[in-house]
Amino acid sequence: MANANDKVNQKAAAAAGATRAAATGAAGAAADADFVKEITPKNVDYSQWYVDVVRKAELADYAPVKGCMVIRPAGYALWENYQAGMDRRFKATGVQNAYFPLLIPESFFKKEAEHVEGFAPEVAWVTHGGGEELTEKLAIRPTSETIICSMYAKWIKSYRDLPVLINQWCSVLRWEKATRPFIRTTEFLWQEGHTAHRTPEEAEERTQMMLEIYRDFVESDLAIPVIPGRKSPQEKFAGAVHTYSIEALMSDGRALQSATSHNLGDHFAKVFDIQYLDSDGSLKYVHQTSWGATTRLIGAMIMVHGDDRGLVIPPKVAPTQAVIVPIMSKDRETVLSKARELRRRLAEAGFLVHLDDRDEYTPGWKFNEWEMRGIPVRIELGPRDVKSEQVVLVRRDNGKKEFAGMAGLEDTLRATLDDIQSSLYLKAKRFMEEHTKTVRTLDEIKATVEGERGFMVTGWCGDDECEDKIQETGATIRNIPFGQPAPGDVPACACCGKPGKYLIYCARAY
RNA sequence: CGGGGCGUGGCGCAGGCUGGUAGCGCGCUUGGUUUGGGACCAAGAGGUCGGAGGUUCGAAUCCUCUCGCCCCGACCA
């Protein structure tokens, strides 16, 4: 890593002198390498690029404990915006927030057989407290179904108590073997929604409703296109009847499960004895759902939109939407007071705007710095602009510069941010489409996984053995997308060649 | 958990083979000149070389163990 990085930087530094003179003021993607230091280019080492972006943009840093990371203010501000975007949508459907304990008694955890089996390998246990060994060890929650179900059993008595729609924002712990910042860490932040319903139909409706909320949030706010669908039985949540997911495609061609929604049926209700008296006088088990999204979505945003200059944040979730960089060469006070006035104006208009009036850095340094941090729009304001009542607007997504009149700047900025938001989505969507191909055989899957990667669309007979064979190629069935073709139009199974039962999306996944 | 790579001031690295008590660039501090794409000059501060043992008169360097990070695979959000 170090050697590759070093060589690249030397090369970039050498090239810089030659090209910098030629690249006058006009910014462009072609000039990328000249200005980027400290970030390994994507095509040299993608993983290193990712880690470099995380650290240089100060989103996170490694913590003293293996697999754990510190989410720094720049990263946490993103998460707060994600939370706001999702929380608002959850509440609009009647969901309320609550908080359940971190520690779960072993006996609770063991009740649902499939659930234990699925999570056992990655659970951390508390065995001592107050200097003494505990009589029953306590699991640090890897997910909260069990503790929440135990409470639902106490709270739910009548059909009039239903539905119960509760969500909690918290962190969970899963002892992972290989970790990467945001994508997979030992402890991670998430939300987990847990609902209880009167009928299976109502539970199923909620399961799909929540997946649709995730799809809407991820596509609208994070500008990441996704494939919504159902997980294969092998890939579903441990203890669920079935699981739905939204799958996104990262810019290295690997898929990332971005959120999941589970129909738990009455599996947990039966082992936790969550029964209600229905209007017909009979005792019935509730039907449940759970659904979650995590800080992994930050990793998705980095990998979908980021480039060799660093982070690119979609305006809708950007903690800072525009940064004003004053050029204070001469007439310092005039420029600065104009910049302050501009900041106030834009803030009053509702924009998240920052004025970088630090004296110790040159404008050029600030340009690079804010690009690395992914701020959607830069507003340059110099003596010439003050005279002509204008500013220079520079877009992070494509580097384009334009002059904008000081009057009506609010409208221009609004339109620019909107355009960046939709451009990012369209660009990602185009990438996903260009990296989605139809395959017919295992060999084709294998070749694709080892080659250009991306999504592979094919048919599947539904047998576990065939899914296992797909997994041996390094790819997995990401999901069975909604909107399946008519039974006769499903392609043949890529493994056994028998008539396909499902159209599936496969990919090498994170 | 297997295979590979790397741990040396805040960051990136050199030194290691051939042991002699640590150096470079960036950053940081102070002063000055600068400011439209990572400015310049001068003077400074900062390191028990990841950790623990061992070999040796002497260890960043050699040996053993250990911890961490990164990459590639198997499992997961």
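Lettering follows sequence order; numbering is per chain, from 1. Just so it is clear, the structure is predicted and the values come from calculations on it, not from any experiment.
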*Starting at the 5' end of RNA chain B and moving along, which residue's nearest nucleotide shows up first, Y62(A) or P383(A)?*
P383(A)

So which protein N/O to nucleotides 29-33 of chain B N/O distances come out below 3.5 Å?
none

*Distance-only polar pair, side chains of E145(A) and T143(A), donor-acceptor under 3.5 Å*: yes

*Distance between the P atoms of rC13(B) and rG50(B), in whole angstroms?*
14 Å

*Got a sec, which residues hit ring-ring contact (aromatic ring centres under 6.0 Å, His included) with Y62(A), two or more places apart in sequence or on another chain?*
none

*W169(A): partners by ring-ring contact (aromatic ring centres under 6.0 Å, His included), with sequence neighbours left out*: W79(A)

*Nearest-angstrom distance, P atom, rG5(B) to rG20(B)*: 25 Å

*Base, sugar-phosphate, or nothing for F188(A), non-hydrogen atoms under 4.0 angstrom?*
base

*Mind listing the residues from residues 353-366 of chain A sitting with a heavy atom below 4.0 Å of RNA chain B? Number order is fine.*
D359(A), Y361(A), T362(A), P363(A), G364(A), W365(A)

*asked:* Show me the pairs that pass salt bridge (charged side-chain N to carboxylate O under 4.0 Å, His left out) and involve residues 246-265 of chain A, at least two apart or across chains.
replied: K231(A)-E247(A), E247(A)-R478(A)

*Answer yes or no for R174(A) and F188(A): cation-pi contact, defined as NZ/CZ to six-membered ring centre under 6.0 Å and angle to ring axis within 45°.*
no

*Starting at the 5' end of RNA chain B, write a dot or bracket for each base, bracketing those in Watson-Crick or G-U wobble pairs whose two distances are under 3.5 Å and using | for partners on another strand.*
((((((((.[[[[.)....(..]]]].((((((.....)))))).....[[[[[..)....]]]]])))))))....

*Quote, to the nearest angstrom, the P distance that separates rG7(B) from rC63(B).*
15 Å

*asked:* Over 60° means perpendicular and under 30° means parallel, so tell me whether W365(A) and Y361(A) are parallel, tilted or perpendicular.
replied: parallel

*What nucleic acid atoms does G299(A) come within less than 4.0 Å of, heavy atoms only: base, sugar-phosphate, or nothing?*
nothing

*Using the P atoms only, state how far rA43(B) lies from rG38(B), rounded to an integer number of Å.*
26 Å

*Quickly work out the N368(A) CG to rC26(B) P distance and round it to whole Å.*
17 Å

*asked:* Categorize T185(A) for me: base, sugar-phosphate, or nothing, with a 4.0 angstrom heavy-atom threshold over every strand shown.
replied: base

*With heavy atoms under 4.0 Å as the rule, sort G292(A) into base, sugar-phosphate or nothing.*
nothing

*For atom C1', what is the distance between rU56(B) and rG68(B), given to the nearest Å?*
29 Å

What protein N or O atoms touch nucleotides 72-76 of chain B N or O atoms at under 3.5 angstrom, if any, and at what distances?
from    : atom 1 : to      : atom 2 : distance (Å)
rG73(B) : OP1    : R508(A) : NH1    : 2.9
rG73(B) : OP1    : R508(A) : NH2    : 3.0
rG73(B) : OP2    : R508(A) : NH2    : 2.5
rC76(B) : O2'    : E176(A) : OE2    : 3.3
rC76(B) : O2     : R184(A) : NE     : 2.3
rC76(B) : O2     : R184(A) : NH2    : 2.6
rC76(B) : N3     : R184(A) : NE     : 3.4
rC76(B) : N3     : R184(A) : NH2    : 2.1
rC76(B) : N4     : Y510(A) : O      : 3.4

*Would you please classify the geometry between the F482(A) ring and the Y244(A) ring as parallel, tilted or perpendicular, with 30° and 60° separating the classes?*
perpendicular

_Sugar-phosphate, base or nothing in reach of I183(A), heavy atoms under 4.0 Å_ = base

*asked:* Strictly by ring-ring contact (aromatic ring centres under 6.0 Å, His included), give each pair with a member in residues 370-405 of chain A just once, sequence neighbours left out.
replied: H354(A)-W370(A)

*Of the nucleotides rG37(B), rG36(B), rC70(B), which one has an atom closest to the side chain of V394(A)?*
rG37(B)

_Among residues at least two apart in sequence or on other chains, which ones pass side-chain hydrogen bond (donor to acceptor under 3.5 Å, both in side chains) with E450(A)?_
none

*Kindly say whether the aromatic ring centers of F237(A) and F119(A) come within a distance under 6.0 Å.*
yes

_rU8(B) to rG3(B) separation - C1' atoms, rounded to the nearest Å_ = 27 Å

*Write down the distance separating the C1' atoms in rA60(B) and rU48(B), rounded off to the nearest Å.*
11 Å

*Could you measure between the two C1' atoms, the one in rU33(B) and the one in rA14(B), and give it in whole Å?*
33 Å

*Under the side-chain hydrogen bond (donor to acceptor under 3.5 Å, both in side chains) test, residues paired with N97(A) that sit two or more places apart*: D87(A), N167(A)

_With Y505(A) via ring-ring contact (aromatic ring centres under 6.0 Å, His included) - residues at least two apart_ = F455(A)

*K401(A) (side chain) and rG36(B) (base): donor-acceptor pair under 3.5 Å*: no

*Could you give the CG-to-C1' distance, from D52(A) to rC69(B), as a whole number of Å?*
13 Å

*Any pair with a residue in residues 74-83 of chain A that passes salt bridge (charged side-chain N to carboxylate O under 4.0 Å, His left out), sequence neighbours left out, goes on the list, sorted by first then second residue, please.*
none

*Nearest to the side chain of E371(A), which nucleotide is it out of rG37(B), rG36(B), rG38(B)?*
rG37(B)

_V51(A) vs F182(A), nearer the 5' end of RNA chain B by closest nucleotide_ = V51(A)

*At under 4.0 Å between heavy atoms, what does P121(A) touch on the DNA or RNA strands: base, sugar-phosphate, or nothing?*
nothing

*Angle class for the F431(A)/H435(A) ring planes (parallel below 30°, perpendicular above 60°, tilted otherwise)?*
parallel

*asked:* Using only atom types and a distance under 3.5 Å, with no angle test, would you say the side chain of S337(A) pairs donor to acceptor with the backbone of E333(A)?
replied: yes

*At under 4.0 Å between heavy atoms, what does V172(A) touch on the DNA or RNA strands: base, sugar-phosphate, or nothing?*
nothing

